[in-house]
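One structure below.
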Amino acid sequence: MASEQRQNRLPREVITCLKNARYLHLATSDGLWPHVSLMNYTYLPSSPYALPPIPGSSNTADNSGPLIILTTQLSTKKTQNLASNPRVSLLVHDWVSHRPSTSLDPTSSITNPTMQAEQAANPSSPRAEQSSLAALLTNLNTAELSSISATLNGYATIVPHGSEEEEYYKTKHLENNPQTENRCYLVGSELRVVVVRVGWVRVSDYRGGVKDYECVSPGTVETGGRFGIESGHFGAGLSNGTS
């Protein structure tokens, strides 16, 4: 049985990841096929506005617990999915997400066949040392950045258009994404603000370890298709070795 500890916010490493990453992947579903979108987002530890109660819970609306702000256009598939099914999953990570490019590296033995022969004949050559140093720095950088990925499950709410809440969340989202090149994702008459109330998190680290964190309420904690997230507390389990 996994042990539990209580805390009133997301795990520290997940908060750090959410603050540092620029994008996340949003998974929605119409009940048949998952639909995944790459999204700008904003993390807030709490909201000054009451969020709708969780479907199936006895609690009334409140503003407890962490949340994620997203924006979407009315005509998109994800908006249609959210209108019929509020259950979502979010994936955020700080892995190095691109393959090292060798296409423009003149010292690469892949793109420069003579380099391999030179390195074999003279391992202490300046170009060989330069290549080794670059590889070392790349590996150090990768080890520093690549630590966790986190899957956050929750319930999404499309904030009423034209409301005070929508303006608040939109302002926070714009402040958090000032560098976004394509502003159509953040402004426009067809834009709608979505708030995801986080309920359950699975964290995977670079060593292969997996930990589950879920909001717990008095009594039985539900997992799988449903989970109780009314209390805003997170219970941390031991690594279960599955992802």
Exercise for review: Find out whether E166 and H161 are in side-chain contact, i.e. whether some heavy atom of one side chain is under 4.5 Å from a heavy atom of the other.
Suggested key: yes
Check your understanding: Taking atom OG of S47 and atom CD of E165, what is their separation to the nearest 0.5 Å?
Key -> 8.0 Å
Practice item. Using a 4.5 Å cut-off on heavy atoms from C-beta on, say whether the side chain of T71 contacts that of V194. Key: no
Review point. What distance do L18 atom CG and I68 atom CD1 have between them, rounded to the nearest 0.5 Å?
Key: 5.0 Å
Study note, to complete from the structure: To the nearest 0.5 Å, atom CG of N40 lies from atom CG of L70 at 9.5 Å
Revision key, fill the gap. Residues passing the salt bridge (charged side-chain N to carboxylate O under 4.0 Å, His left out) test with K77, sequence neighbours excluded, are D30
Check your understanding: Looking at side-chain heavy atoms only, is the closest gap between S149 and S204 below 4.5 Å?
Key -> yes
Exercise for review: Taking all heavy atoms of S29 and all of G31, pick out the closest pair and write down the distance.
Suggested key: OG-N, 3.0 Å
Revision key, fill the gap. Residues S37 and K78: closest non-hydrogen pair is OG-CD, 3.6 Å
Review point. Side-chain contact, heavy-atom cut-off 4.5 Å: N153 with R87?
Key: no
Practice item. Specify the closest pair of heavy atoms between S163 and P160, including all atoms of both residues, with the distance to one decimal. Key: OG-O, 2.7 Å
Review point. Which heavy-atom pair separates V201 from A150 by the least distance, and what is that distance?
Key: CG1-CB, 4.2 Å
Exercise for review: With rounding to the nearest 0.5 Å, note down the distance linking CG in N177 to CZ in R22.
Suggested key: 7.5 Å
Point to revise | Y155 and V88, any side-chain heavy atoms less than 4.5 Å apart | key: no
Point to revise | I15: partners by side chain to side chain contact (heavy atoms under 4.5 Å, CB included), with sequence neighbours left out | key: R9, L10, K19, Y43
Exercise for review: Report yes if some heavy atom in the side chain of V14 is under 4.5 Å from a heavy atom in the side chain of V203; otherwise report no.
Suggested key: yes
Exercise for review: Consider only side-chain N and O atoms of T79 and T72, and report whether a donor and an acceptor are under 3.5 Å apart.
Suggested key: yes
Check your understanding: Cluster question for you: counting only ILVMFWY and a side-chain heavy-atom cut-off of under 4.5 Å, with indirect links fine, are L152 and L91 together?
Key -> no
Review point. Judged by modelled atom types alone, do T28 and H35 share a side-chain donor-acceptor pair under 3.5 Å?
Key: no
Check your understanding: Would you call Y213 and R202 a side-chain contact if the rule is heavy atoms closer than 4.5 Å?
Key -> no
**Study point:** Check: Y41 ring centre within less than 6.0 Å of Y23 ring centre
**Key:** no
Check your understanding: What's the verdict on side chain to side chain contact (heavy atoms under 4.5 Å, CB included) for V193 and I158, showing C-alpha distance, side-chain angles and the deciding distance?
Key -> CA-CA 6 Å; V193 174; I158 300 177; over 6 Å; no
Review point. Is a side-chain N or O of N176 found less than 3.5 angstrom from the main chain of K172, in a donor-acceptor match?
Key: no
Check your understanding: What pairs of residues pass the salt bridge (charged side-chain N to carboxylate O under 4.0 Å, His left out) test when at least one of them lies in residues 37-49, not counting sequence neighbours?
Key -> none
**Study point:** Test log, rule side chain to side chain contact (heavy atoms under 4.5 Å, CB included), inputs R192 and V159
**Key:** CA-CA 7 Å; R192 295 296 181 269; V159 180; over 6 Å; no
Check your understanding: Is there side-chain contact between L51 and T157, with heavy atoms separated by less than 4.5 Å?
Key -> no
Review point. Rounded to the nearest 0.5 Å, how far apart are CZ of R12 and SG of C17?
Key: 12.0 Å
Revision key, fill the gap. Value for NZ (K211) from CD1 (I148), rounded to nearest 0.5 Å, stands at 11.0 Å
Practice item. Taking all non-hydrogen atoms of both residues into account, name the closest pair between L90 and V196 and its distance. Key: CD1-CG1, 4.1 Å
